[in-house]
Amino acid sequence: MRIRLTPKAARSRIEGVGAGADGTAFFKVAVTAPPEKGKANAAMIKLLAKAWRLPKTSMAITAGATARRKTLLVKGDGKALVARLNQWMEGHHG
């Protein structure tokens with residue numbers, strides 16, 4: 001899953017879904033934590049885990065740890081994860 005993270009935001013939230021110039025979809029996430037010593041990444045994982053009701057340990061950044069654009073691996077049953085994300089999207093962006 002692709003993420004575009006904005007650190008040092010006014011408030012932490014999942015802002016929705018965006019698309020890059022190449023058409024690749026990503027989640028837009030903002031956190032209040034600064035981009036130092038992994039604080040923003042940890043805040044992002046905490047926010048996503050809470051919103052999607054998943055354990056923080058099921059998520060890991062696999063690319064872009066120090067970049068604004070990241071790749072997040074979410075471990076678990078693929079069908080259940082897709083269903084949970086779809087349910088979240090319907091409740092927050094439908």
*Name all pairs fulfilling the ring-ring contact (aromatic ring centres under 6.0 Å, His included) condition that reach into residues 65-84, sequence neighbours left out, sorted by first residue then second.*
none
*asked:* Does T32 form a side chain to side chain contact (heavy atoms under 4.5 Å, CB included) with K8? I'd like the steps, not just the answer.
replied: CA-CA 4 Å; T32 58; K8 294 172 55 175; over 6 Å; no
*Minimum-distance pair of heavy atoms, taken over all atoms of M1 and L85*: CE-CD1, 3.5 Å
*Measure the shortest side-chain to side-chain distance between F27 and R2 over non-hydrogen atoms and say whether it is less than 4.5 angstrom.*
no
*Side-chain heavy atoms of K70 within contact of L5, under 4.5 Å*: yes
Would you list the atom pairs, donor with acceptor, under 3.5 Å between side chains in residues 51-68 and any protein atom, with sequence neighbours excluded?
residue : atom : partner : partner atom : Å
S58     : OG   : P55     : O            : 2.7
T62     : OG1  : T71     : O            : 3.4
R68     : NH2  : T6      : OG1          : 3.2

*Tell me, which pairs form a ring-ring contact (aromatic ring centres under 6.0 Å, His included) where one or both residues lie in residues 55-78, sequence neighbours left out?*
none
*By ring pair (Phe, Tyr, Trp, His ring centres under 6.0 Å), which residues pair with F26, not counting sequence neighbours?*
none
*Does anything in residues 24-52 pair up under salt bridge (charged side-chain N to carboxylate O under 4.0 Å, His left out), and if so which pairs, sequence neighbours excluded?*
E36-K39
*Write down the atom of V17, the atom of A25, and the distance for their closest heavy-atom approach.*
CG1-CB, 4.3 Å
*Identify the two heavy atoms, one from L72 and one from M44, that lie closest to each other, and give their separation to 0.1 Å.*
CD1-CE, 4.3 Å
*Do L48 and V74 touch side chain to side chain, with heavy atoms closer than 4.5 Å?*
no
*Please report the shortest heavy-atom distance between A33 and P7, naming the atom on each side.*
O-CB, 3.5 Å
*asked:* Restricting to salt bridge (Lys or Arg N to Asp or Glu O under 4.0 Å), what partner residues turn up for R13, sequence neighbours left out?
replied: E15
